[in-house]
Protein chains: 2
Amino acid sequence: MVTMNDVARLAGVSKMTVSNVVNNRAGVSDPVRRRVLEAIRQSGYRVNLSARTLKSGRTGIIGLAVPEIRSPYFGHLAAHVIDEAAQRGFHVAIEQTGAAAAGEIEAIAHSHTLHFDGLILSAVELDRADPRLAGTGYPIVMLGEQDFGGRFDHVAMPNEEGTKAATAHLIDQGCRRIAIVTGSALKGVNVVTRRYQGYLAALAERGLEPDPALLFTIDKLTMEAGRAAAHRLAGPGREVDGVVAVTDTVAQGVLRGLADRGLRVPGDIRVVGFDDIPEAEFMVPSLSTVAPDHRWMAEKAVELLTGRMSAPGRETGEYTAPFELRIRESST
Amino acid sequence: MVTMNDVARLAGVSKMTVSNVVNNRAGVSDPVRRRVLEAIRQSGYRVNLSARTLKSGRTGIIGLAVPEIRSPYFGHLAAHVIDEAAQRGFHVAIEQTGAAAAGEIEAIAHSHTLHFDGLILSAVELDRADPRLAGTGYPIVMLGEQDFGGRFDHVAMPNEEGTKAATAHLIDQGCRRIAIVTGSALKGVNVVTRRYQGYLAALAERGLEPDPALLFTIDKLTMEAGRAAAHRLAGPGREVDGVVAVTDTVAQGVLRGLADRGLRVPGDIRVVGFDDIPEAEFMVPSLSTVAPDHRWMAEKAVELLTGRMSAPGRETGEYTAPFELRIRESST
DNA sequence: TTGTAAGCGTTATCAG
DNA sequence: CTGATAACGCTTACAA
């Protein structure tokens, strides 16, 4: 491996001068600078980040923990975070939590152990009351899902408002028996409960009675589970004319499950999702959905994290992404 | 920050003994080991990876460069690579190349600069003849797409065989005017040309004449482009009864585009894709596709890369993933 | 403007 | 079995 010493010898200067050139510091004469740069080019020298890190105590790496990178929503989000971090000179190492509290705790420990400069955690199961969350002052930004009650910087989804708008839209389209397909964790404050609240709020506002028979819970927020829920929902004697799916991925499963049963969307049943994944526009029928501003979220999360790195004691903030309701075929 | 020294002082032993305990090395008496472990627990000590890296010269990080992490295919692949690397004690840092040769070259340089232990590169544009590819002995494994003629370890897709099987399947279903929707880079040896060859081979084997009017090229392998191609393809006087799409993502666009034009799949036109992304099963209609063994590919890539790290001089190998043809609604 | 010395936290080596 | 010492490549502080 080519080191600074090698370059220094080649250029006939000291290690320190090479360091100064590499870091664009003032106080190096032009001829010397040129000689050093030439030596660097010739030798193919590259700074050793580990060595630099050892001195500075920073790795330049941000951890990003998501349930599953393969899911379109998190892939999409990750892409934005990577871009945004790159702009601020950080690299992103991705961790998969498997959508389980244990995985989420582990991601924190891991990020810590690897001395990442901070962690953006998209937690979906971890509870604000989890004892393993003992605050260590390590920079963590919670992204999008659970609510941790002011304990961490938090970039939230417009869970309640968005679902309320989507549900109201279905009502406006004439739906009267609107099912919701959502996760089974209906306690606590999390993405599932918040969106459920939004659904209830829209019903209440429009004077519709919530019907327990219209609540379809699933264990995992996957396409498979959405499909299975649609099968249950399309069973005899339900008379459902609208479906609010907790995520677009679930909605995609619902669309598929309704097709399995020969039900037409939007003819027989209208469907809305949440997230606006890139695929939503290309589904058949195209999916109406709540579109939070993903880029905004990624920017905010990275901004908060870098802010916290430099000012660890700062008060935590809570930010909710703006959203639009994108109306497509599935609800019109 | 808690260091080994702190732990050593706390346990009343030397730094070296702590190191031995941390690394599970033999030659530490049980009582001392216990004392040290207790001191580690109390102090919250974590090894400093940078320091270890500085000594060992290895970072424990593998770079993974893909065109776009948000695309389902690459997200899926990345998930497998991350899992497989984790099993071998490596972390994965993801780089996005934007599906451009410049981005791919940059990913190599970047991986180098950051002293990642190696790079898995899913190149789609970089040419085997690119002068910037001057061999430096840095461990690189090419994944899935371009063919680099023995210059690198290469885990290839079954491009030709897979597309041939898919096309033959359409013919067996009675299709006679089979269009192909593929990229515009029809020169050189790459994913587009290889799959086109497979398409031609199937036609030849079944005695069908290739018709230039049935070749629809697109600039980027996206859903949008697939949709636009479907619109062209469904124009007046084409009489197309089958479509081979170069990837599932493109196929999803094609399905959407055909729906736009009121054509029914498989009633009017049959469609097959390539990749078997998780969404394929949930499209409406569900998509018939070539399913390469993604896990196998990820395993092989990581295995080759770690192999090359320990034996840099070894001959390069070329491996092609096994595949299955998954027949679903879109072609039956 | 350039160079020298010390040390970041860890581990390999070798002595006790 | 345990410990002292010297690196790994770089940067900070200071001296020339």
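- When distances run from any side-chain atom of B:Ala51 to the nucleotides C:dT10, D:dC10, C:dT11, the shortest one goes to C:dT10.
- Here B:Arg25 lies in heavy-atom contact (under 4.0 Å) with sugar-phosphate atoms only.
- Residue A:Val32 is classed as a sugar-phosphate contact, given heavy-atom separations below 4.0 Å to backbone atoms only.
- Counting only heavy atoms from C-beta on, B:Val47 has its side chain closest to C:dT10 among C:dT2, C:dT10, D:dG9.
- The side chain of A:Met4 has D:dC10 as its nearest neighbour among C:dA12, C:dT2, D:dC10.
- Side-chain to base pairing of B:Lys15 with C:dT10: one donor and one acceptor N or O lie within less than 3.5 Å of each other.
- Note on ring orientation: taking the six-membered ring where Trp is involved, the planes of B:Phe116 and A:His91 are perpendicular (angle over 60°, cut-offs 30° and 60°).
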Stepwise, does the side-chain contact (heavy atoms from CB on, under 4.5 Å) test hold for A:Val7 with A:Glu38?
-> CA-CA 9 Å; A:Val7 177; A:Glu38 174 59 17; over 6 Å; no
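- As rounded to whole Å, 7 Å separates atom P of C:dG9 from atom CG of B:Asn48.
- Contact check, A:Ser29 against C:dT1: no side-chain N or O comes under 4.0 Å of OP1 or OP2.
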Show your working on side-chain hydrogen bond (donor to acceptor under 3.5 Å, both in side chains) between A:Ser111 and A:Tyr138 and close with a plain yes or no.
-> CA-CA 10 Å; A:Ser111 178; A:Tyr138 184 68; 2.7 Å; yes
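- Here B:Asn5 lies out of heavy-atom contact (under 4.0 Å) with every strand.
- B:Glu299 CD: more than 12 foreign heavy atoms inside a 6.0 Å radius.
- Here the side chain of A:Met16 is nearest to one of D:dT11, D:dG9, C:dA12, namely D:dT11.
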